[in-house]
Amino acid sequence: MSTAPARRRVVLTGFGVISSIGTGVEEYTAGLRAGRSGARPITRFDTEGFGQDVACEVPDFEPGRWIRNVPLDDMGRAGQYAVAAARMAVEDAGLTEADLGERPAVVTVGTTDGESHDIALLLEQELAAGDPEAMDPVLSRRINAGRLSTVIARELRMPNVEATTVTTACAAGNYSIGYGLDAIRSGEVDLALCGGADAVCRKAFALFKRFGALTPDVVRPFDKDRQGILTGEGAGILVLESLESALARGARIHAEVLGYGLSCDAAHPTAPNRDGIARGIRLALDDAGVKREEIDFISAHGTGTKANDKTESAAIVDVYGDSPPRTVAVKSMLGHSMGAASALGAIACGIAIEEGFIPPTINHRETDPDCPLDVVPNRAVEADVRIAQNNSSAFAGNNAVLILGTYGE
Amino acid sequence: MSTATASPEATLPPGTPVITGWSAVSPYGIGRERFAAGVRSGAKTAVKADASLGSLPTSDVCVVPGFDIQEVLGKRGTAKMDRLTALALVASDGLLLDGDGNRVVETDDLTGVVLGITMGSLENVTDFLRQSYTNERPFYVDAGRIPFGSLNHAAGATAIRHGLKGPNTTVAGGRVSGLLALNYARRLMHQGRATKYLVGSAEEFSAAHAWFEHTAAAPGDPAPLLGEGCGLFLLEPADTAERPALAAVLSVETRVDIDDDPRAAVTACARRALDRAGVHAADLWAAVPCAAPTAAGHAEHEALSALAPADALSRVPSMELLGDTSAASASFQIGAVLAVAEADPGAAGRTALVTAVDRDGAVAAAVLRLMGEQR
């Protein structure tokens, strides 16, 4: 394997979760174990004319519970999710603001749409007035995606950070975690807050509807009758820490980040690519120094579209052969939370390792013969999970695959 | 500080990222030569906005002259292309191809792309939403334009155009995004994930962007004069570089201004970048701020004035000449340093500081050593 000698080990010591199936690690764990569905009627925007109105929105979000230092108006919905999840993650890690302070760190949030909901509101204002001067400056100041990361630094009072928003769409969460891993491995920092955030918006809903990729029913990944995605939202932020730092302060370690891989299809702007995904998986296994047979389960990209699930299954079979690890799609529960998706998937993997169960693929009736996988249908299974793989792919041919493992000596 | 006798390359630690090529599509025109000549002349680029741009909050703009997407890139696959992607593709051609279109830079499966942006093509996303609001049904939108609305499209399209299968990443950070991209590439190369990188940043001009910036401006501030373009660099580790190094990236440092004190944040960030690079501020050959037309931009200038020698601060003409190029700015600043250095034999071995501040609070600084190689 390609691991360099004496490479620094990186562990996960904090999870922050805002999701449609539960806020906080405890509720999210319960949701994953129970196979809860986050699907509900959309409240964010007017769905008249769409002919459907369901998404996986976060219910009852109370930003004031988590966001104390920065005015709530300084960020849109995605930013609020990111900040809330970051606050939750550092609290879960047992880090106080005094522990953070001038400490060097990386803050990386991945996103697909950023504050595109605010952009839609600004356009509504312009259209209503027939004049762009009518747009609200409070909204127009907060639409740039870079803010998703800088606002976390402002809220947590961490000036000495690299705040990078990664906009690699639906693979952005894994990209962010991978960047934190590289930053800590380099020895330049020993702390990183990484993950992803997105908010349900008209843009994503109209886009997937137009593409014929929005299910009129429920999300059924890998099912022969799957019809597409539901859009979703939320945020997942993970505290990555060098092992030395975590041990020195006696932190609880959820899991270890073993490695990741990035590959680019360089082929088609929107279609998933079997070779690109397989290459990403192999790069991740190699970086992690993990053998194929050591993977206990795969948290798939698993969107529930015809194209993704078939292509991803083929790539998994290419790498793993005829008896691949159990492969589940948490998007069956969460919908497609876009930039948050693989961050929430990574946290699901961490929970699976820590709690000893594999979350289910819900809404499952009959596995598609083109997806020859054990998808853990409908019910979670108890399992000794030592190593898990978290897949993600995005438009523009961006694939990112993350490998997490149980922390051992 | 004289380096007339020592080869600056000899002093670089192995693995130091070096810039071995660059390209620019800017308000000075298409190509590195036009950018370099424009920067060295100190010419303004603002022109009266063409009526085809639609209603704008300002009369003047700094657009890439003659940049008609289909004229520049041909008709195939470009009918619905966004301007941001087109700017990046043309810049990538300038970096990887010679004047006859032949590939002059070798790439492999680990050649990466990282592009800094602000919010992608705001024209694409607002047109899409406008269709959703005004067409007969809210999803009767132009499907052909959808792929171009993804924030990572320009970087992905660059990979498709040149067959680049290595790590492909888009980072958003407005004016600091070019330096975030540089740091990203530095880190991933150091970890062995890429053998070389196309790294840079891009911004498109559009009426949509102009109106957002106009309404976002602080009360009393005029609507900003906006620019556009893309700057791209070829970055390789010094010890495996296949081409002569133009500059070495000695350090990239970042910070977030959490106290609404951009001067202090820029000062702290620049000092750390200099320390990390082992460079004394007094020895700087050039210091180039992003020159944002905002209070933070003024604070940035004050911070550098207090830190760097006056001749360093005036070495490179102000970026104001290009308008506020937002995400493109930091890459243009580096390009401007290289452009002025290549015409000044005294630059070899000297160092340059590049800084940036963004509305969202991010601050970044990079220190480069000029290697004295002529392109």
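- Just one residue in the list Arg202(A), Lys209(A), Arg210(A), Lys203(A) forms a side-chain hydrogen bond (donor to acceptor under 3.5 Å, both in side chains) with Ser132(B), and that residue is Arg202(A).
- Contacts of Val109(A) with chain B are absent, with no heavy-atom separation under 4.5 Å from either backbone or side chain.
- Taking the ring pair (Phe, Tyr, Trp, His ring centres under 6.0 Å) definition, one finds that Phe212(B) meets it with nothing, sequence neighbours left out.
- Nearest heavy atom pair, residue Pro138(B) against residue Glu48(A), reads CG-O, 3.5 Å.
- Arg186(B) touches chain A through its side chain: at least one heavy atom from C-beta onward sits under 4.5 Å away, while N, CA, C and O do not.
- Between Lys165(B) and Asp265(A) the shortest heavy-atom distance is CE-O, 3.9 Å.
- Neither the backbone nor the side chain of Ala157(B) comes within less than 4.5 Å of any heavy atom of chain A.
- A donor-acceptor pair under 3.5 Å links the side-chain atoms of Asn152(B) to the main chain of Phe395(A), judged by distance alone.
- The contact between Arg272(B) and chain A is made entirely by side chain atoms (from C-beta outward), counting heavy-atom distances below 4.5 Å.
- For Leu156(A), no part sits under 4.5 Å from any heavy atom of chain B, backbone or side chain.
- If you measure heavy-atom distances from Asp136(A) to chain B, you find no contacts under 4.5 Å at all.
- Looking at Leu129(B), the atoms closer than 4.5 Å to chain A (heavy atoms on both sides) sit in the backbone and in the side chain alike.
- Proximity of Val256(B) to Val107(A): side-chain heavy atoms (C-beta onward) are nowhere separated by under 4.5 Å.
- At a 4.5 Å heavy-atom cutoff, the contact between Asn183(B) and chain A is made by backbone and side-chain atoms alike.
- Listed for the Thr215(B) side chain is no donor-acceptor partner under 3.5 Å among the backbone atoms of Ser140(A).
- Counting heavy-atom pairs closer than 4.5 Å to chain B, the top-ranked of the candidates Ala183(A), Gly261(A), Ala163(A) is Ala183(A).
- Thr165(A) has its side chain out of reach of Leu180(B): every pair of non-hydrogen atoms, C-beta onward, lies at least 4.5 Å apart.
- Contact of Phe50(A) with chain B is made through backbone and side chain together, with heavy-atom distances under 4.5 Å.
- In this structure, chain A has heavy atoms under 4.5 Å from both the backbone and the side chain of Val171(B).
- With a 4.5 Å cut-off on non-hydrogen atoms, Ser150(B) touches chain A through its side chain but not through its backbone.
- Of the possible polar contacts, one joining the Arg141(A) side chain to the Ala216(B) backbone as a donor-acceptor pair under 3.5 Å is found.
- Listed by chain and residue number, nothing satisfies the salt bridge (Lys or Arg N to Asp or Glu O under 4.0 Å) test with Arg103(B) (two or more places apart in sequence, or in another chain).
- Looking at Arg276(B), the atoms closer than 4.5 Å to chain A (heavy atoms on both sides) all sit in the side chain, from C-beta outward.
- Both the backbone and the side chain of Tyr184(B) come within less than 4.5 Å of a heavy atom in chain A.
- Scanning both residues, Pro269(A) and His153(B), for their nearest heavy atoms gives CB-CE1, 3.7 Å.
- Interface summary for chain B: among Gly276(A), Ala120(A), Ser186(A), the most heavy-atom pairs under 4.5 angstrom belong to Ala120(A).
- Contact annotation for Arg279(A): only side-chain heavy atoms (C-beta onward) come within less than 4.5 Å of a heavy atom of chain B.
- Contacts between His162(B) and chain A at a heavy-atom distance below 4.5 Å are absent for every atom of the residue.
- Only the backbone of Ala217(B) comes within less than 4.5 Å of a heavy atom in chain A; its side chain stays farther off.
- Interface check for chain B: of the options Pro104(A), Pro132(A), Ala145(A), the most heavy-atom pairs under 4.5 Å are formed by Pro132(A).
- Within the 4.5 Å cutoff, side-chain heavy atoms of Asn160(A) are placed close to those of Arg255(B).
- In this structure, chain A has heavy atoms under 4.5 Å from both the backbone and the side chain of Tyr133(B).
- Judged purely by atom type and a 3.5 angstrom limit, Arg193(B) has no side-chain atom pairing as donor or acceptor with the backbone of Asp182(A).
- A side chain to side chain contact (heavy atoms under 4.5 Å, CB included) with Pro167(B) is found for exactly one of Asn398(A), Leu262(A), Leu283(A), namely Leu262(A).
- Interface summary for chain B: among Met158(A), Arg154(A), Glu188(A), the most heavy-atom pairs under 4.5 angstrom belong to Glu188(A).
- With a threshold of 4.5 angstrom between heavy atoms, Ala155(B) does not approach chain A through any atom at all.
- Residue Arg359(B) touches chain A through both its backbone and its side chain, counting heavy-atom pairs closer than 4.5 Å.
- Counting heavy atoms from C-beta on, the side chains of Glu126(A) and Thr126(B) never come closer than 4.5 Å.
- Judged purely by atom type and a 3.5 angstrom limit, Arg130(B) has no side-chain atom pairing as donor or acceptor with the backbone of Leu123(A).
- Both the backbone and the side chain of Leu207(A) have a heavy atom closer than 4.5 Å to some heavy atom of chain B.
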